[in-house]
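Data first, discussion second: the structure below is written as structure tokens.
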Amino acid sequence: MTVVPIRTLVRRPGGIRLSLERWVPALFLAPAVILLVVYLLYPLLSSFRLSLLNWNGLGETGRYVGLDNWVQLRHDPVFWQAVRNNFVLAFFSVLIQLPIALVLAVVLDEAGRGSRLLKILYFLPLLMSSVALGVVFKNVYDPNFGPLNSFLQAVGLADLAQDWLGDPHYALGAVIAVICWQNIPFYMLLFLAGLASFPRELSEAAHLDGATETTIFWRIKLPHLQGTFRTGVLLAVIGSLRYFDLIYVMTGGGPENASDLMATYMYRTVFNAFQLGYGSTVASAMFIIVTAAAALALRLSRRFQTEV
Amino acid sequence: MAERRAFAVSRIAVPVLGLFWLAVTSLPFLFVLFTSLKTAQETFSSPVWALPESLNLGNYVSVLRGFFLIYLRNSVFVIAVSVTLIVLISAMAAYALARLRFRFNKPLFGLIVAGMIVPLHITLVPIYLMTRDLGLYDTPFALIGPYVATSLPVSIFILTEFMRQIPRELEEAAKLDGCGPFTIFLRIFLPLSGPGLSTVAIYNGIALWNEFIFAYVLTSTPQHRTLPLAVWDFQGEYASDIPAMMALVTLTSLPLIVAYGFGQERIIKGMMAGSLKG
């Protein structure tokens with residue numbers, strides 16, 4: 001016996017109303033879908049099309065050059081330097097931000113009274129625009145008038161004073177420090193939310209079984225946070241691969257491309273060198289890299305999930 | 001024994017670490033505030049970490065006499081229009097995705113959610129060309145389209161999850177009373193989604209208030225630029241007047257900090273929501 005869906009058996013009264021009803025979801029979705037197609041999907045495809053052109057942005061359209069730009073990209077040392085820097089940023093974001101954020105979350109979780117005020121103050125960097133922060137820290141790092149070097153001189157560590165943003169060895173690291181400074185509170189709140197969802201009964205039960213606070217932390221609380229940890233790694237990696245703001249404001253990718261990221265290199269190629277075609281190639285490659293990394297990270301995090 | 005020692009360690013470590021990070025967080029803010037109260041001369045004659053000699057508000061006055069208020073007006077306009085549209089459009093789409101039956105519901109939702117990981121920089125050049133061709137270049141209107149569209153994926157995601165939790169009984173009762181989908185959306189889903197809508201508004205409002213790259217690329221004159229660019233334009237022009245720059249940084253950050261003073265918990269929750277679920 002086959003089961004026939006009841007809707008095909010009962011014919012509804014009023015055929016007109018029925019056909020109108022079919023369009024209701026479309027009406028609700030239309031504004032969102034139209035905007036997403038115009039400002040997200042079309043530009044995405046258009047970027048790949050532009051990557052096949054040689055165009056300075058003026059004139060009607062560029063000259064079609066096939067895959068020439070992509071071949072050039074393969075042999076472009078600046079692009080690969082930028083890719084490397086993106087991964088350096090991702091690596092240090094995970095390695096610096098997450099552990100410090102975890103420690104701070106535990107501190108706030110333990111602090112009880114007074115933790116509310118601390119939490120409110122810790123959060124402030126996240127409210128700042130990256131341009132404002134970039135300008136502030138450019139002054140902090142200033143080799144002549146900046147407080148950082150003045151501080152190092154005052155405590156007798158003058159040898160450590162550097163031209164932080166002007167030296168290719170230190171520029172990327174100096175900006176990464178600021179990126180960490182701004183984003184650590186975000187991951188701290190992520191962990192804090194994870195800790196808040198920890199069931200009290202679990203630690204009470206462990207207490208009754210004679211477990212110490214230390215054991216409870218390492219053996220029960222920390223494993224409980226691993227889902228949060230995965231989310232944090234995912235967000236930090238994806239955020240780092242498409243990062244732009246503070247690097248652009250503080251160093252512009254310099255000196256000598258030492259702190260260039262894919263996004264800053266793309267920006268300069270298009271808007272300073274007026275190579276719209278090649279810049280779009282860089283943007284398209286960036287899209288492929290970020291999407292692939294996100295897919296991989298999601299997959300890996302799922303695999304880890306099933307192992308536990 | 002070990003237990004007691006761990007307890008003692010945490011009793012010392014917790015306040016020490018807590019205060020240490022408080023210092024790390026607040027020193028840059030204090031540097032900005034103190035420098036903004038100094039005269040240009042003072043920054044050269046006395047050490048950077050010295051307190052300002054007197055409460056000198058001259059820098060603030062000169063910043064306020066400049067283009068600051070125009071940048072502020074543009075920001076308020078662009079953000080108010082964008083956030084209103086984001087909330088309305090994403091609520092409509094979320095209602096359809098959460099409750100209406102149609103064939104491509106699931107794949108469409110998946111596609112929209114996938115939009116959250118697209119690096120927005122790939123859209124920059126085509127959107128720049130499009131804005132130029134539409135004659136919107138260097139107007140505040142140039143920003144509204146990209147701002148609304150790029151905020152939609154995460155907003156639709158948050159609101160769809162939210163609306164799925166609204167009990168079905170309510171809309172079934174309304175259906176029996178003869179209400180159509182539009183009435184149900186306006187009378188039941190919009191009012192009951194209040195917390196979700198405010199989360200979406202806060203999250204996007206703050207992100208867009210600080211947005212840099214689209215504003216930088218799609219506008220070019222102070223008359224039409226938003227607040228983050230006030231700092232950018234100023235540093236190009238008056239790079240050596242550090243106290244005035246710090247006064248400007250303080251003034252541009254003030255609106256959000258004041259708003260934060262009124263509702264910290266709501267803002268923290270709103271800003272975390274967008275990413276927690278991503």
Side-chain angles (χ1 to χ4, degrees), chain A residues 24-25 28-29 31-32 35-36 38-40 42-44 46-47 50 103-104 107 110-111 118 120-132 135-136 139-140 145-147 150 181 189-190 193 212-214 235 238 242 244-245 263 266 270-271 276 279-280 283-284 286-287 290-291 294, chain B residues 2-3 6-7 10 14 17-18 21-22 25-26 28-29 31-32 43 47-49 89-90 92-93 95-96 100 102 112 115 117-119 121-123 125-127 145-146 148-150 152 156 181 206 210 212-213 217 228 231-232 235 242 245 249 252-253 256-257 260 264 268 271-272 275 278:
Chain A
V24 167
F28 274 100
L29 285 161
L35 277 168
L36 287 172
V38 172
Y39 283 103
L40 217 57
Y42 165 75
L44 193 72
S46 171
S47 215
L50 287 168
V103 170
L104 290 174
V107 164
E110 297 282 313
L118 281 182
I120 288 169
L121 292 172
Y122 287 173
F123 189 79
L124 281 174
L126 283 170
L127 293 174
M128 300 285 290
S129 82
S130 38
V131 189
V135 167
V136 169
N139 279 293
V140 170
F145 305 107
S150 314
W181 179 81
L189 287 164
L190 203 67
T212 62
E213 282 292 338
T214 327
L235 290 173
I238 295 175
R242 55 184 200 185
F244 175 82
D245 286 14
M266 184 275 288
V270 172
F271 293 99
L276 262 71
S280 298
S284 306
M286 180 181 163
F287 171 75
V290 173
T291 313
Chain B
E3 165 89 347
F7 184 66
S10 84
V14 165
L17 288 170
W21 194 257
L22 184 63
T25 302
S26 48
F29 286 100
F31 166 68
V32 172
T43 55
V48 270
W49 61 83
I89 294 173
S90 58
M92 285 168 64
Y95 169 63
L100 300 179
F102 55 98
I112 290 175
I117 57 162
V118 175
H121 308 94
I122 195 182
T123 65
V125 176
I127 287 182
V148 175
T150 53
L152 284 178
I156 293 176
I206 292 175
N210 288 330
F212 173 56
I213 190 164
V217 167
V231 181
W232 179 264
Q235 75 149 6
I242 294 166
M245 197 133 73
V249 166
T252 58
S253 322
L256 275 191
I257 293 181
Y260 183 61
Q264 307 96 12
I268 291 179
M271 272 193 74
M272 299 302 291
S275 335

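Per chain, numbering begins at 1; letters A, B, ... match sequence-line order.
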Handout entry: Derivation and outcome, side chain to side chain contact (heavy atoms under 4.5 Å, CB included), residues Leu190(A) and Met272(B)
Key = CA-CA 8 Å; Leu190(A) 203 67; Met272(B) 299 302 291; 4.2 Å; yes
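The parts of Phe287(A) that come within reach of chain B are both its backbone and its side chain, each placing non-hydrogen atoms under 4.5 angstrom from that chain. Using a 4.5 Å cut-off between heavy atoms, Ala32(A) contacts chain B through both its backbone and its side chain. For Met266(A), the part lying under 4.5 angstrom from a heavy atom of chain B is the side chain only. At a 4.5 Å heavy-atom cutoff, the contact between Leu104(A) and chain B is made by side-chain atoms alone. Contacts of Ile206(B) with chain A are made by side-chain atoms alone, with heavy-atom separations under 4.5 Å and no backbone atom involved. Residue Ile238(A) touches chain B through its side chain alone, counting heavy-atom pairs closer than 4.5 Å. Val103(A) touches chain B through its side chain: at least one heavy atom from C-beta onward sits under 4.5 Å away, while N, CA, C and O do not. At a 4.5 Å heavy-atom cutoff, the contact between Ser47(A) and chain B is made by backbone and side-chain atoms alike. Both the backbone and the side chain of Val118(B) have a heavy atom closer than 4.5 Å to some heavy atom of chain A. Heavy atoms closer than 4.5 Å to chain B are found in both the backbone and the side chain of Leu127(A). Only the side chain of Leu152(B) comes within contact range of chain A, with at least one heavy atom under 4.5 Å from a heavy atom of that chain.
The shortest heavy-atom contact between Pro126(B) and Pro43(A) is CG-O, 3.3 Å.
Atom CG in Leu29(A) sits 11.5 Å away from atom OH in Tyr95(B) (nearest 0.5 Å).
Between Phe244(A) and His121(B), the angle of the ring planes lies from 30° to 60°, which puts this pair in the tilted group.
Using a 4.5 Å cut-off on side-chain heavy atoms (C-beta onward), Met245(B) and Val136(A) make no contact. Taking 4.5 Å as the limit, every side-chain heavy atom of Thr25(B) sits out of range of all side-chain heavy atoms of Leu121(A). For the pair Gln235(B) and Val131(A), the minimum side-chain heavy-atom distance is 4.5 Å or more.
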